[in-house]
Amino acid sequence: MFQGEELQKLVELLKERDAYLYHACQLLDFQSYLNVGGIPSRSHLESNRQLYTGFETDEKDRSRQVWDKVFGNLEDFGRTFASGKPAVPNPFGPILFQIKPEALYEATDVAICLRSAGRPGFNRENEALSSIQDVDRLFLYPIEHSKSYFVKHPTQLQEEFTPTASKASAPEISCTVVSGLFPLHYVNYVRVEPYIIQRQPLQAKVKEIISNKGAKFKVFERDLDRCPPYTNELLEIIKSDLPSLQNLSQNPRVSLELRDWSIKLMEKNLEYQFNRFAKYLYHGTILPILKGQL
């Protein structure tokens, strides 16, 4: 856990490594974020009567006393799927904030853990890294490398932090923030997945909300030409149904590429991640647009 002077050292390390914080959300939540003026905790959204996408881990987050924390990560979880690898798109949403590390100065304490708070048996205080040296060990390359911000893969993290991190997956940052949020002026940019919903790019919806709220930050769309060809095919299927990977892999009306991708995900036991991705995307982004809420 980092506080006081150690918190300042943490920010300095991240800046030296050109590392940023990342936070993904659905369109419904994005509008609520702009309503409250920043990237908030779930508790802050709730107390301000703002809409948000329900997560399967919500009750666990309450009982584990992380409902009031502001969360972030050290990498763009959507990048792996976008590069064509057998991975699930970011389950938390198609809208990604890149946040300056100075946002951590807003916190009274910062915990960097090797796995998600939603995992079984998670304990924030016990699992938080305790030194700046440990945080530095999260990264794949030396600090002078041009890609010094790259985070190690789960298997590398497990080897690096053995025997205490046999279940390490991806570093997660949780922060106690008195105001309940990271103000929007810490946002470096927002990246939107190249989804088309109701014949309109999702990016257009995002820009419309930003304009209506008077927010000031850059918005980019992930390059569709570099994404898998089945990116929007998958979206259209989720829009009409919430399929399982098994159904996708056996559906003759689905492209061969999408069926192959589904099979590879099943081989990697990623059904749970896929189900969360599809469910959250439908309820937090697709359905609000179809209903005319956004």
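- If you chain together hydrophobic residues whose side chains sit under 4.5 Å apart, Val187 and Leu14 fall into the same group.
- Under the 4.0 Å criterion applied to side-chain N and carboxylate O atoms, Lys147 and Asp18 are not assigned as salt-bridge partners.
- Hydrophobic clustering, defined by side-chain heavy atoms of Ile, Leu, Val, Met, Phe, Trp and Tyr closer than 4.5 Å, leaves Ile196 isolated from every other such residue.
- Atoms CG and CD, from Leu21 and Glu102 in turn, are 9.5 Å apart once rounded to the nearest 0.5 Å.
- Between Cys175 and Lys69, every side-chain heavy-atom pair lies at or beyond the 4.5 Å cut-off.
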Could you give me the CA-CA distance, side-chain angles and deciding distance for Leu290 and Gln198, then say whether side-chain contact (heavy atoms from CB on, under 4.5 Å) is met?
CA-CA 7 Å; Leu290 295 181; Gln198 296 290 77; 3.5 Å; yes

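- For the pair Arg276 and Phe92, the cation-pi criterion (under 6.0 Å, within 45° of the ring axis) is fulfilled.
- With values rounded to the nearest 0.5 angstrom, Ile173 atom CD1 is found 7.0 Å from Asn73 atom CG.
- The neighbour count for Glu144 CD, taken as heavy atoms of other residues, nucleotides or ligands under 6.0 Å away, is above 12.
- Not a single donor-acceptor pair under 3.5 Å links the side chain of Arg191 to the backbone N or O of Ile95.
- Of the charged side-chain nitrogens involved, at least one lies within less than 4.0 Å of a carboxylate oxygen, so that Arg226 and Asp223 count as a salt-bridged pair.
- Among residues two or more places apart in sequence or in another chain, the ring-ring contact (aromatic ring centres under 6.0 Å, His included) test is passed with Phe2 by none.
- His185 NE2: more than 12 foreign heavy atoms inside a 6.0 Å radius.
- Classification of Glu12 and Lys9 as a salt-bridged pair fails, no side-chain N sitting under 4.0 Å from a carboxylate O.
- In summary, Glu160 and Lys152 engage in a salt bridge, as defined by a charged side-chain N under 4.0 Å from a carboxylate O.
- At least one side-chain heavy atom of Glu16 sits under 4.5 Å from a side-chain heavy atom of Ile143.
- The closest side-chain heavy-atom distance from Ile39 to Phe71 is not below 4.5 Å.
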Report, one line per pair, each donor and acceptor closer than 3.5 Å where one atom sits in a side chain of residues 104-118; sequence neighbours left out.
from   : atom 1 : to     : atom 2 : distance (Å)
Glu106 : OE2    : Tyr186 : OH     : 2.8
Thr108 : OG1    : Thr176 : O      : 3.3
Asp109 : OD1    : Arg124 : NH1    : 3.3
Asp109 : OD1    : Arg124 : NH2    : 2.6
Asp109 : OD1    : Thr176 : OG1    : 3.0
Asp109 : OD2    : Thr176 : OG1    : 3.1
Arg115 : NE     : Glu127 : OE1    : 2.8
Arg115 : NE     : Glu127 : OE2    : 3.4
Arg115 : NH1    : Pro120 : O      : 3.0
Arg115 : NH2    : Pro120 : O      : 3.2
Arg115 : NH2    : Glu127 : OE2    : 2.8
Ser116 : OG     : Gly118 : N      : 3.1

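- Phe97 pairs in a ring pair (Phe, Tyr, Trp, His ring centres under 6.0 Å) with only one of the listed residues (Phe30, Phe182, Tyr22), which is Phe30.
- Looking at heavy atoms from C-beta onward, Val70 lies out of side-chain contact with Pro40 at the 4.5 angstrom threshold.
- As a member of the Ile/Leu/Val/Met/Phe/Trp/Tyr network built from side-chain separations under 4.5 Å, Phe150 groups with Leu140, Tyr141, Tyr149.
- Residue Thr80 comes nearest to Ser83 through the heavy atom pair O-OG, 2.7 Å, listed as atom of the first residue, atom of the second, then distance.
- Minimum heavy-atom separation, Val11 to Pro101: CG2-O, 3.7 Å.
- Not counting sequence neighbours, the partners of Lys239 by the side chain to side chain donor-acceptor pair (under 3.5 Å) test are Glu236.
- The side-chain heavy atoms of Leu51 and Asp29, taken from C-beta on, include no pair separated by under 4.5 Å.
- For residues 36-47, every residue pair satisfying the side-chain hydrogen bond (donor to acceptor under 3.5 Å, both in side chains) rule, not counting sequence neighbours, is listed here: Arg42-Asp58, His44-Asn48, Glu46-Arg62, Glu46-Trp67.
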Please list every donor-acceptor pair under 3.5 Å in which a side-chain atom of residues 277-286 meets a protein atom from a residue at least two apart or in another chain.
from   : atom 1 : to    : atom 2 : distance (Å)
Tyr280 : OH     : Glu56 : N      : 2.9
Thr285 : OG1    : Gln26 : OE1    : 2.7
Thr285 : OG1    : Leu27 : N      : 3.0

Less than 3.5 Å apart, which donor and acceptor atoms pair up between the side chains of residues 208-215 and the rest of the protein, not counting sequence neighbours?
from   : atom 1 : to     : atom 2 : distance (Å)
Asn212 : ND2    : Glu208 : O      : 3.3
Lys213 : NZ     : Asn35  : OD1    : 2.6

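- The hydrophobic cluster of Tyr272 has no other members, since no ILVMFWY side-chain heavy atom comes under 4.5 Å of it.
- Taking CZ of Arg137 as the reference point, atom CG of Asp134 lies at 5.0 Å (rounded to 0.5 Å).
- In this structure, the side chain of Asn232 does not engage the main chain of Leu235 through any donor-acceptor pair within 3.5 Å.
- Between Leu202 and Ile289 the shortest side-chain heavy-atom distance falls below 4.5 Å.
- Taken to the nearest 0.5 Å, the CD atom of Gln98 stands 5.5 Å off from the OH atom of Tyr20.
- With contacts defined as side-chain heavy-atom distances shorter than 4.5 Å, the pair Leu138/Leu129 qualifies.
- Considering only residues two or more places apart in sequence or on other chains, Phe81 meets the ring-ring contact (aromatic ring centres under 6.0 Å, His included) condition with Trp261.
- For Gln65, the CD atom sits in a loose shell: 12 or fewer heavy atoms of surrounding residues, nucleotides or ligands are nearer than 6.0 Å.
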How far apart are the C-alpha atoms of His153 and Leu157, what are their side-chain angles, what is the distance that settles it, and do they pass the side-chain contact (heavy atoms from CB on, under 4.5 Å) test?
CA-CA 6 Å; His153 296 295; Leu157 289 173; over 6 Å; no

Could you list the donor-acceptor pairs under 3.5 angstrom formed by side chains in residues 262-270, with sequence neighbours left out?
from   : atom 1 : to     : atom 2 : distance (Å)
Ser262 : OG     : Leu258 : O      : 2.9
Lys268 : NZ     : Pro86  : O      : 3.0

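- For the pair Gln158 (side chain) and Ala168 (backbone), a donor-acceptor distance under 3.5 Å is present.
- Within the structure, ring pair (Phe, Tyr, Trp, His ring centres under 6.0 Å) contacts touching residues 201-229 (residues at least two apart or in different chains) are Tyr189-Phe220.
- Here Leu28 contributes atom CG and Gln50 contributes atom CD; the two are 9.5 Å apart, rounded to the nearest 0.5 Å.
- The side-chain heavy atoms of Pro243 and Ile238, taken from C-beta on, include a pair separated by under 4.5 Å.
- Note that CD of Glu125 is 15.5 Å distant from CZ of Arg64, once rounded to the nearest 0.5 Å.
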